Amino acid sequence: MSAQAPFQPVELDSVAIRFCGDSGDGMQLTGGQFTNTTAAIGNDFATFPDFPAEIRAPRGTTFGVSGFQIQFSSQQIHTPGDAINAMVAMNPAAFKMNLADVEPGGIVIANEDEFTKVNLKKAGYADGEEPLDDEEINRRYQLFRIPISRLTRESLVDSEMGSKDIDRCRNMYALGIAYWLYQRPLEHTIDHLENYFREKKGLPDVADINIRALKAGHHFGETAEMFPTRFSVAPATMEPGLYRKISGNEALVIGYAAASRLADKEVVFAGYPITPASDLLHGLSGLKHFGVQTFQAEDEIAAVCAAIGSSFAGKIGMTGTSGPGLALKGEAMGLAMMLELPLVIVNVQRAGPSTGMPTKTEQADLLQAMFGRSGEAPVIVLAASSPSDCFDSAIESVRLATRYMCPVILLSDGGIANGAEPWRIPDLSSYDPIVVEHPTTPNSEEGFLPYLRDEETLARPWVVPGTPGLEHRLGGLEKEADTGNVCYDGDNHDAMTRARQAKVDAVVQDIPPLEVRGNTSSSTLVLGWGGTSGSIASAVAMLEKEGDGPAYTHLRHINPFPGNLGELLATYDTVVVPEINMGQLALLLRARYLKEIVSVCEMKGRSFNTAELAARIRDAMKGAAE
């Protein structure tokens, strides 16, 4: 009889597991493969990759810890989870930095081979301190000490590969243990290793030793009789269709390729590498066959100016950055607003100011997006709410930029960009085409007037340079209404400033009304934007189970706001706005609608803890009742 026969798997609704180790231990690959397998099984899931900010932190130090968390479930979920049910720690630094997030009674698998005196000192433990022997830790958690390094070497003892290559397989050994513990199949990861190392890289020996380590780890779980039980999470009930795992940055890349197809027009993405937005440039650079052109500029200013030049030439000009880069692009964005050309700027927000915490998430660039340009230079501002929502938000940003001849800032954030979830691949034929018109004949009896506006959108015509008879002057100086001649008249400047603002205000006609979910009869509304969507939905669901859930809604369009937002705010006695900043949306709402807002703020480099957010919403509801 096999060792696993006595085990009856414990059925769980959801599990949150975190893999953590040194930045060179392959934790992102490990978590990514666990996620891919989970997606293939059909669980709903959400991930949280946690990268070290230091580029080359000393090995074994807390500065170099890399982690990957995934929550997978048989039900719909919205976040990577609060407390961790299981943790795999590859060294003392990872153990130290992540242990507090494990729930009491949770599983902790520690690679005890790495808990040497030298490594303990690197991780900041005191002389003589042995965390794996700590009575409190052993009482609080289910601690499993497994010599993963030694067992990996033993499983590959007959390999002709060097010791460094063999040690790099430790993550696959650990993954095999996790697969056994949660009844995940090996085949998907084996296929990946075969395709990547054997076929793509031409390294069959590397593929072989990784696959052998994966199987050895799984076999260890099956034969060691160390774990008291295994666990099972059934597939989730999801809308029928073809699904794939997708991150926010991946969804933006695919979304802009789709927008190019919908508009039947080339996208030109000009960017400069910056965390966590660099993957946009990387991803789009591989889509030339979809009509996407990319240009890596020498700096942020050159990138946005190249994008403006592309729009001037009749292409869809785009650029991407994070908060510090958005500040550098401010002057050029004002130029694009003055030229009244379509331009898309993606800002993947990170914790600031300055360099801040470049690998952590924040929502603190909202006011910069709204007002970070000289003079009165309004632009359209959108915010994606989840990794999968980035696809539709990308298409929306191109649609509005070309329809209203105006720059559009699309706000994402580090959590959305690097996190992943299931995405139901849509039928592109179900999307309306993006109508782009380039006039070829004069638009008035007086000839061509470059700033004569469309009656519905107030947009000026988008003329491709070189069109006979439609030559006109562009530049950063104020233009005369209709004619486009340089004009310094105060009344004209006032009129043109108001016209540009009215054009942005007119976007409201293309914004669907906000829909309220949850307990719509509640006197409390929770209003969010951007990457807090999952935390808010989860917190509201927690309050609903207690029998006193609020209503809630979420903004994608921030400038302008949806047309019914003011009416909605007036309907509720209490409006709670959670943000990962100091209350920037709350400030805008108070100023615009003269409505008192309960601002719930924190800036911890991650989204809200669901239980903590639910408690703060509950306190706001109680305070209003009193």
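Please read these numbers as outputs of a predicted model, since none were measured by experiment. All residue numbers refer to positions in the sequence shown, counting from 1.
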When every non-hydrogen atom of Pro422 is compared with those of Met238, the smallest separation belongs to CB-CE, 3.8 Å
Is there a side-chain hydrogen bond (donor to acceptor under 3.5 Å, both in side chains) between Glu266 and Gln293? Walk through the geometry before answering.
CA-CA 7 Å; Glu266 286 185 337; Gln293 297 183 30; 2.6 Å; yes
More than 12 heavy atoms of other residues, nucleotides or ligands under 6.0 Å from CG of Asp505: is that the case?
yes
With a 4.5 Å cut-off on side-chain heavy atoms, are Val577 and Val600 touching?
no
Just do the side-chain contact (heavy atoms from CB on, under 4.5 Å) check on Leu452 and Arg460 with the steps written out, would you?
CA-CA 6 Å; Leu452 184 64; Arg460 76 172 191 85; over 6 Å; no
Quick one: list whatever passes side-chain contact (heavy atoms from CB on, under 4.5 Å) with Gln76, sequence neighbours left out.
Asp44, His78
Can we say Glu340 and Arg453 salt-bridge, meaning some charged N sits less than 4.0 Å from an Asp/Glu carboxylate O?
yes
Are Ile425 and Arg244 side-chain neighbours, meaning at least one heavy-atom pair lies under 4.5 Å?
yes
Looking only at atom types and distance, does a side-chain atom of Asp299 sit under 3.5 Å from a main-chain N or O of Ala302, one as donor and one as acceptor?
yes
Asn519 side chain to Gly549 backbone, donor-acceptor under 3.5 Å:
yes
pair Glu478-Thr497: side-chain heavy atoms closer than 4.5 Å
yes
Can I get a per-line list of side-chain donor-acceptor pairs under 3.5 Å for residues 564-571, giving both atom names and the distance, sequence neighbours left out?
unit_1 : atom_1 : unit_2 : atom_2 : d
Asn564 : OD1    : Leu514 : N      : 2.9
Asn564 : ND2    : Leu514 : O      : 3.1
Thr571 : OG1    : Glu567 : O      : 2.8

Do you know which two heavy atoms are closest between Leu428 and Arg261, and how far apart they sit?
CD2-CG, 4.1 Å
Spell out, as yes or no, whether a donor-acceptor pair under 3.5 Å connects the side chain of Gln296 to the backbone of Ala270.
no
Counting heavy atoms not belonging to Glu437, are there more than 12 under 6.0 Å from its CD?
no
Are more than 12 heavy atoms, taken from residues, nucleotides or ligands other than Phe391, located less than 6.0 Å from that residue's CZ atom?
yes
Under the 6.0 Å and 45° cation-pi test, does Lys265 pair with Trp462?
yes
Do Ile511 and Pro560 have side-chain heavy atoms sitting under 4.5 Å apart?
yes
CD (Glu515) with more than 12 external heavy atoms under 6.0 Å
no
Rounded at 0.5 Å granularity, tell me how far CD in Glu579 sits from CE in Met603.
10.0 Å
Give a yes or no on this: more than 12 heavy atoms of other residues, nucleotides or ligands lie within 6.0 Å of atom CD of Gln509.
yes
Tell me the closest heavy-atom pair linking Thr457 and Ala506, and the distance in Å.
O-CB, 4.3 Å
Distance col, row Glu362:CD vs Asn581:CG, nearest 0.5 angstrom, shows 7.5 Å
Are a donor atom and an acceptor atom from the side chains of Lys329 and Thr321 found within less than 3.5 Å of each other?
no
Is the shortest distance from a Lys or Arg side-chain nitrogen in Glu456 or Arg403 to a carboxylate oxygen in the other one below 4.0 Å?
yes
Note, Leu410 side chain near Tyr256 side chain (heavy atom, < 4.5 Å)
yes
side-chain hydrogen bond (donor to acceptor under 3.5 Å, both in side chains) contacts touching residues 343-358 (sequence neighbours left out):
Asn347-Asp365
Does any N or O in the side chain of Asp494 come within less than 3.5 Å of the main-chain N or O of Gly490, such that one atom is a donor and the other an acceptor?
no
Is there side-chain contact between Phe51 and Gln28, with at least one heavy-atom pair below 4.5 Å?
yes
Identify the heavy atoms of Leu555 and Leu527 that sit nearest to each other, and give their distance.
CG-CD1, 3.8 Å
For Thr520 and Val516, indicate whether the former's side chain and the latter's backbone hold a donor-acceptor pair under 3.5 Å.
no
Under 3.5 Å: donor-acceptor pair, side chain of Arg373, backbone of Met370
yes
Would you name the heavy atoms of Ile77 and Ala46 that are closest together and state the gap between them?
CD1-N, 3.9 Å
Leu366 and Leu588, any side-chain heavy atoms less than 4.5 Å apart
yes
Backbone N or O of Leu284 within a donor-acceptor pair of the Thr294 side chain at under 3.5 Å?
no
With salt bridge (Lys or Arg N to Asp or Glu O under 4.0 Å) as the criterion, how do Arg399 and Asp510 come out once you've worked through the C-alpha distance, each side chain's angles and the decisive distance to 0.1 Å?
CA-CA 10 Å; Arg399 190 184 304 279; Asp510 287 331; over 6 Å; no
Tell me whether Glu239 is salt-bridged to Arg424, with the criterion being a basic N under 4.0 Å from an acidic carboxylate O.
yes
What's the verdict on side-chain hydrogen bond (donor to acceptor under 3.5 Å, both in side chains) for Ser393 and Glu396, showing C-alpha distance, side-chain angles and the deciding distance?
CA-CA 5 Å; Ser393 296; Glu396 175 84 340; over 6 Å; no
Test side-chain hydrogen bond (donor to acceptor under 3.5 Å, both in side chains) applied to Ser247 and Asn249, step by step
CA-CA 6 Å; Ser247 70; Asn249 278 346; 6.0 Å; no
Is the count of non-hydrogen atoms from other residues, nucleotides or ligands lying under 6.0 Å from Glu376 atom CD greater than 12?
no
Shortest non-hydrogen pair, Arg517 vs His554, comes out as NH2-CB, 4.2 Å
Under-4.0 Å salt bridge between Asp50 and Lys360:
yes
Side chains of Asn485 and Lys479: any donor to acceptor distance under 3.5 Å?
no
Enumerate donor-acceptor pairs with a distance under 3.5 Å from any side-chain N or O in residues 414-421 to protein atoms, sequence neighbours excluded.
unit_1 : atom_1 : unit_2 : atom_2 : d
Asn418 : ND2    : Gly414 : O      : 3.4
Glu421 : OE2    : Ser386 : OG     : 3.3
Glu421 : OE2    : Ser388 : N      : 2.9
Glu421 : OE2    : Ser388 : OG     : 2.5

Using side-chain contact (heavy atoms from CB on, under 4.5 Å), reason through Val268 and Ile316 one step at a time and then give a plain yes or no.
CA-CA 6 Å; Val268 178; Ile316 299 173; over 6 Å; no
A side-chain contact here means heavy atoms from C-beta on lying under 4.5 Å apart; do Val508 and Phe561 qualify?
no
Determine yes or no for a side-chain-to-main-chain donor-acceptor pair under 3.5 angstrom, with Ser311 supplying the side chain and Gly317 the backbone.
yes
Check whether Lys604 reaches the backbone of Ile580 with its side chain - one donor and one acceptor, N or O, closer than 3.5 Å.
no
Identify every side-chain donor-acceptor pair in residues 533-540 under 3.5 Å, counting partners at least two apart or on other chains, and give the distances.
unit_1 : atom_1 : unit_2 : atom_2 : d
Ser535 : OG     : Ser607 : OG     : 2.9
Ser535 : OG     : Phe608 : O      : 3.2
Ser538 : OG     : Gly534 : O      : 3.0

About how many Å separate CD of Gln69 and OG1 of Thr35, when rounded to the nearest 0.5 Å?
10.5 Å
Is there a donor-acceptor pair under 3.5 Å between the side chain of Gln363 and the backbone N or O of Trp529?
yes
With Pro433, which residues qualify under side-chain contact (heavy atoms from CB on, under 4.5 Å), at least two apart?
none
